[in-house]
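The structure under discussion appears below in the form of structure tokens.
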Amino acid sequence: MKRIIKNGHLLDLQTGTINKRDILIDNGMIQTIAENVTDPEAEVIDVAGKLVVPGLIDMHVHFREPGFERKETIATGSAAAAKGGFTTVACMPNTRPVIDSPETVRQVLSRAQEAGLARVLVYGAITVRELGQELTDMEGLKEAGVFAVTDDGVGVQSSRMMKEAMRRAHSLGLPVVAHCEDDTLAKGGSVHQGVFAAKHGLKGIPSEAEAIHVGRDILLAEDIGVHYHVCHISAEQSVRLVREAKQRGQKVTAEVTPHHLLLCDEDIPEPNAMWKMNPPLRSEQDRQALIEGLKDGTIDIIATDHAPHTSEEKAWDMEKAPFGIVGLETAFPLLYTHLVEKGVLTLAELVDKMTRKPAEIFGLQYGELAVGKPADVTVIDLEAEREIDPTTFKSLGRNTPFAGWKVKGWPVLTLLEGEITWREI
């Protein structure tokens, strides 16, 4: 059906200017963008001057299905994405079974289509069962629909295995996306090796555990020429290594999470697993390096690493509880309130790194409001302010350290190819 998004304030990502515009949508595509659009056959949605941006894109989520449906399903994860203003998300393969076969890829894509609330992209595993011992059938995975490969959740420990994976992925045109973690340094740790760990007698995970793999992989990728992407970058040393690789002209990209941009290990109030994630919250010095890297383009995009767990699991102590927090429903308001309103990023910079830029680096046709593009649209109320309340989440996960934070900039309308997936206006 035809729809008109009326009286929206569209943000020009190049100039940062905001202009009043209407958008005509028909057959899932943007047909017209103009100051005043009328069509007697179209449903009119008057957004009354709210911000209108491309549908948000999250290149790193865990929807847990198949195998861990008590934590999240593709349907509940997609609902959380829509509520958070996301129209495209990329699911990590550390499910059970691992997404390491064409059959599992097709199963996930089928479930996502049934849910119909978000466009779900699928990562295939680099190694069988993510055990780091045998490469997957990447050609079969690509034919089934994967767009990139990763063993996210664990780092590929063998340099030989990673180099062969890069060679094979490059021949197929698949980016290699890496969870960077050296097990010999990180194993047994639950928080960053820093102030909080020392205060509470916890084994820490040093920043070098991440940076060593980032440096190794950059060298391997340089030799092969593959597109190499660093997941949830968290350490100052890692940022430096990515910056140097980019200065050499290497095709290296990186993502950072909202929690690593906003929090450091000194913010953890007590040993509470709601604050346990991997990579862990690093030092304030690391956090500042992430912000600097995001601003200067070293870090390309923002991704949530949405990682739901049950309340029972997160009630365990810091050492035993699983890593991870949810993020889809809170990402934009948190970042708008604590980065844009405080002058750290411009609104255009924030939106760009959550829409156009992820589409650009992964070769997607989304992330832009333009005639002839899919009608993925998110409407945001920049004035709406309320507390983050996990009991209202669409996600099955309630595991967030941001409960009770008062933030502004809530998505109030999400359209995927012209169909409404979330609405509260």
Side-chain angles (χ1 to χ4, degrees), residues 57 59-60 88 90 92-93 99-100 102 105 121-128 130 132-182 210-235 237-256 293-294 296-303 353 356-367:
I57 298 173
M59 298 307 298
H60 191 141
T88 301
M92 288 297 173
I99 304 175
D100 60 3
V105 173
L121 310 178
V122 180
Y123 286 103
I126 292 173
T127 66
V128 175
E130 292 194 334
Q133 298 173 0
E134 177 187 357
L135 292 180
T136 55
D137 171 15
M138 292 186 192
E139 186 172 8
L141 291 174
K142 182 179 180 180
E143 288 176 358
V146 307
F147 75 101
V149 291
T150 181
D151 268 7
D152 184 67
V154 292
V156 176
Q157 300 303 302
S158 165
S159 299
R160 179 193 61 79
M161 184 69 67
M162 184 56 117
K163 186 168 186 177
E164 181 55 33
M166 288 181 173
R167 185 177 289 114
R168 191 176 297 182
H170 185 47
S171 71
L172 295 167
L174 294 172
V176 171
V177 177
H179 174 114
C180 295
E181 186 173 29
D182 185 321
E210 174 184 282
I212 284 171
H213 268 205
V214 172
R216 178 201 72 174
D217 290 352
I218 285 172
L219 291 172
L220 297 176
E222 182 180 27
D223 180 56
I224 293 165
V226 70
H227 173 196
Y228 171 68
H229 180 80
V230 182
C231 287
H232 43 48
I233 196 167
S234 70
Q237 301 101 308
S238 303
V239 176
R240 184 168 68 244
L241 289 163
V242 171
R243 182 178 288 117
E244 291 169 354
K246 287 192 169 191
Q247 288 170 349
R248 293 194 305 273
Q250 191 173 343
K251 191 169 185 180
V252 176
T253 56
E255 70 191 33
V256 66
L294 188 65
D296 71 16
T298 299
I299 300 171
D300 301 86
I301 63 174
I302 296 169
K353 292 177 187 299
R356 186 196 66 82
K357 193 64 176 179
E360 176 188 88
I361 66 175
F362 284 102
L364 309 176
Q365 63 173 324
Y366 320 115

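In what follows, every heavy atom counts, from backbone to side chain, and hydrogens, waters and symmetry copies are set aside.
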Subject >> Selection residues 150-163 - residue pairs positive for salt bridge (charged side-chain N to carboxylate O under 4.0 Å, His left out), sequence neighbours left out >> reply: Lys163-Asp223
Original post:
Does the side chain of Glu134 come under 3.5 Å of the side chain of Thr127 through a donor N or O and an acceptor N or O?
Top reply: no
Original post:
Is there side-chain contact between Ile233 and Ile299, with at least one heavy-atom pair below 4.5 Å?
Top reply: yes
**OP:** Please report the closest heavy-atom contact between Val252 and Ala245, naming both atoms and the distance.
**Re:** CG2-CB, 4.0 Å
Original post:
So do Cys180 and Glu210 actually touch side chain to side chain, heavy atoms under 4.5 Å?
Top reply: yes
Original post:
Taking C-beta and beyond as the side chain, do Leu141 and Asp100 meet within less than 4.5 Å on heavy atoms?
Top reply: no
**OP:** Using the six-membered ring wherever Trp is involved, compare the ring planes of His232 and His60 and label them parallel, tilted or perpendicular (cut-offs 30° and 60°).
**Re:** tilted
Subject >> Carboxylate-amine/guanidinium contact Glu139 Lys142, below 4.0 Å >> reply: no
**OP:** For residues Val156 and Glu130, determine if any side-chain heavy atom of one lies less than 4.5 Å from a side-chain heavy atom of the other.
**Re:** no
Subject >> Glu222 bridged to Arg248 by N-O distance under 4.0 Å >> reply: yes
**OP:** Scan side-chain atoms only and decide if His213 and Glu181 contain a donor-acceptor pair under the 3.5 Å cut-off.
**Re:** no
**OP:** Measure across Val105 and Gly145 and return the closest heavy-atom pair with its distance rounded to 0.1 Å.
**Re:** CG1-N, 4.2 Å
Original post:
Quick one: does Gln157's side chain get under 4.5 Å of Asp182's, heavy atoms only?
Top reply: yes
Subject >> Heavy-atom check, side chain of His229 versus side chain of Ile361, under 4.5 Å >> reply: yes
**OP:** State whether a side-chain donor-acceptor pair under 3.5 Å links His227 with Thr253.
**Re:** yes
**OP:** Identify, with sequence neighbours excluded, every residue that meets salt bridge (charged side-chain N to carboxylate O under 4.0 Å, His left out) alongside Asp296.
**Re:** Arg243
Subject >> Shortest non-hydrogen separation from Met161 to Gly132 and the atoms involved >> reply: CE-O, 3.5 Å
Original post:
Looking only at heavy atoms, what is the nearest atom pair of Met92 and Thr150, with distance?
Top reply: SD-CG2, 3.5 Å
Original post:
Can you tell if the side chain of Tyr228 reaches within under 4.5 Å of the side chain of Val242, non-hydrogen atoms only?
Top reply: no
Subject >> Heavy-atom pair of closest approach, residues Lys353 and Asp300 >> reply: CG-O, 3.6 Å
Subject >> Closest non-hydrogen atom pair, Ala178 against Asp217 >> reply: CB-OD2, 3.8 Å
**OP:** Indicate yes or no: at least one non-hydrogen side-chain atom of Ser238 is less than 4.5 angstrom from one of Val230.
**Re:** no
**OP:** Anything under 30° is parallel, anything over 60° is perpendicular, the rest tilted; go ahead and classify Tyr123 against Phe362.
**Re:** perpendicular
Subject >> Partner set under ring-ring contact (aromatic ring centres under 6.0 Å, His included) for His170, not counting sequence neighbours >> reply: none
